[in-house]
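First the structure, in the form of structure tokens, and then the observations on it.
Please read these numbers as outputs of a predicted model, since none were measured by experiment.
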Amino acid sequence: QVQLVESGGGLVQAGGSLRLSCAASGRTFSSYTMGWFRQAPGKEREFVAAISWNGGGTYYADSVKGRFTISRDNAKNTADLQMSSLKPEDTAVYYCAASFYHGRRGVRDYSYWGQGTQVTVSS
């Protein structure tokens with residue numbers, strides 16, 4: 001089992017940058033695919049990005065491709081999401097999640113979730 005805690009959210013102007021971090025507990029962190037999802041008010045939770053267990057594969061939603069970068073450090077049990085060129089439509093609660101599966105984008109494919117961190121982008 002793994003427990004996840006997100007940090008780094010906040011308020012930023014459009015065009016700005018934020019870096020989200022996900023800290024994981026547990027000795028099997030390197031076994032999981034790590035993902036970031038987001039949920040805006042009144043909308044379903046949606047996939048943002050994922051990274052394979054060894055960092056060799058990364059996957060992005062079309063809406064963030066070229067602006068967001070996912071990374072992980074298995075020695076530190078962390079998975080980060082660097083967000084640049086932020087837009088008001090990026091405003092949401094961002095969640096870190098862990099999956100046993102490779103390259104999956106579905107909410108149901110992820111077994112463990114953090115509590116979320118709010119990102120607000122002002123226009």
Side-chain angles (χ1 to χ4, degrees):
Q1 191 169 354
V2 61
Q3 294 182 330
L4 305 173
V5 179
E6 303 94 338
S7 62
L11 173 64
V12 64
Q13 289 188 335
S17 299
L18 276 177
R19 187 177 184 91
L20 305 183
S21 187
C22 175
S25 64
R27 290 175 287 181
T28 59
F29 173 77
S30 61
S31 300
Y32 297 97
T33 289
M34 296 301 298
W36 284 94
F37 290 74
R38 66 187 181 187
Q39 188 166 18
K43 295 187 177 181
E44 294 186 351
R45 193 169 297 189
E46 65 175 4
F47 172 80
V48 175
I51 187 167
S52 63
W53 69 274
N54 63 352
T58 56
Y59 312 88
Y60 297 93
D62 288 343
S63 59
V64 307
K65 200 172 294 183
R67 300 188 298 122
F68 291 11
T69 302
I70 190 171
S71 61
R72 69 187 297 162
D73 186 334
N74 287 343
K76 296 182 179 179
N77 280 13
T78 58
D80 292 353
L81 184 68
Q82 176 67 47
M83 306 185 295
S84 303
S85 302
L86 283 161
K87 305 174 182 179
E89 50 264 44
D90 294 319
T91 296
V93 177
Y94 282 71
Y95 297 90
C96 173
S99 173
F100 293 107
Y101 304 107
H102 173 71
R104 300 289 183 92
R105 302 177 181 227
V107 170
R108 295 181 178 180
D109 295 322
Y110 287 75
S111 301
Y112 303 107
W113 293 84
Q115 293 300 308
T117 185
Q118 177 71 46
V119 171
T120 303
V121 184
S122 63
S123 56

Query raised in the report: Would Trp36 and Cys22 satisfy side-chain contact (heavy atoms from CB on, under 4.5 Å), going step by step from the backbone distance to the final call?
Result: CA-CA 9 Å; Trp36 284 94; Cys22 175; 3.6 Å; yes

Requested in this report: Please report the C-alpha distance between Ser17 and Gln82 in whole Å, then the side-chain angles of each, then the deciding distance to 0.1 Å, and finally whether the side-chain contact (heavy atoms from CB on, under 4.5 Å) criterion is met.
Outcome: CA-CA 8 Å; Ser17 299; Gln82 176 67 47; 4.0 Å; yes

Requested in this report: Could you walk me through whether Ser7 and Arg19 pass the side-chain contact (heavy atoms from CB on, under 4.5 Å) test, one step at a time?
Outcome: CA-CA 9 Å; Ser7 62; Arg19 187 177 184 91; over 6 Å; no

Requested in this report: Give the intermediate values and the outcome of side-chain contact (heavy atoms from CB on, under 4.5 Å) for residues Met83 and Val119.
Outcome: CA-CA 10 Å; Met83 306 185 295; Val119 171; 3.9 Å; yes

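Two residues are said to be in side-chain contact when any heavy atoms from C-beta on lie closer than 4.5 Å; Lys43 and Arg38 fail this criterion. The shortest distance between side-chain heavy atoms of Leu86 and Leu18 falls below 4.5 Å. For the pair Thr69/Leu81, no side-chain contact is recorded, criterion being any heavy-atom separation below 4.5 Å from C-beta on.
Of the charged side-chain nitrogens involved, at least one lies within less than 4.0 Å of a carboxylate oxygen, so that Lys65 and Asp62 count as a salt-bridged pair.
Rounding to the nearest 0.5 angstrom, the gap separating the NZ atom in Lys87 from the OG atom in Ser123 is 14.0 Å.
A donor-acceptor pair under 3.5 Å links the side-chain atoms of Glu6 to the main chain of Cys96, judged by distance alone. For the pair Arg72 (side chain) and Ser52 (backbone), a donor-acceptor distance under 3.5 Å is present. Not one N or O on the side chain of Asp73 forms a donor-acceptor pair closer than 3.5 Å with the backbone of Ala79. Side-chain atoms of Arg104 do not come within 3.5 Å of backbone N or O of Phe100 as any donor-acceptor pair. Side-chain atoms of Ser30 never come within 3.5 Å of backbone atoms of Asn74 as a donor-acceptor pair (strictly under, hydrogens ignored).
Closest heavy-atom contact between Asp90 and Arg67: OD2-NH1, 2.8 Å. Here the closest heavy-atom approach between residue Ala24 and residue Leu4 is recorded as CB-CD2, 3.6 Å. The nearest pair of heavy atoms linking Tyr112 to Val2 is CD1-CG1, 3.4 Å. Shortest non-hydrogen contact noted between Ala50 and Thr33 is CB-CG2, 4.3 Å.
Residues Trp53 and Tyr32 fall into different hydrophobic clusters, defined by Ile, Leu, Val, Met, Phe, Trp and Tyr side chains chained together at heavy-atom separations under 4.5 Å.
Among residues two or more places apart in sequence or in another chain, the side chain to side chain donor-acceptor pair (under 3.5 Å) test is passed with Glu89 by none. Tyr101 is linked by a ring-ring contact (aromatic ring centres under 6.0 Å, His included) to nothing, counting only residues two or more places apart in sequence or in another chain. In this view, Gln118 and Thr120 satisfy the side chain to side chain donor-acceptor pair (under 3.5 Å) rule, not counting sequence neighbours.
Hydrophobic side-chain contacts under 4.5 Å tie Leu11 to no other Ile, Leu, Val, Met, Phe, Trp or Tyr residue. Tyr110 forms part of a hydrophobic cluster together with Phe37, Phe47, Tyr59, Val93, Tyr95, Val107, Trp113, judged by ILVMFWY side-chain heavy-atom separations under 4.5 Å.
Applying the disulfide bond (SG atoms under 2.5 Å apart) test to every pair with at least one member in residues 40-95, sequence neighbours left out, gives no pairs at all.
In this structure, a donor-acceptor pair under 3.5 Å is absent between the side chains of Asp80 and Ser71.
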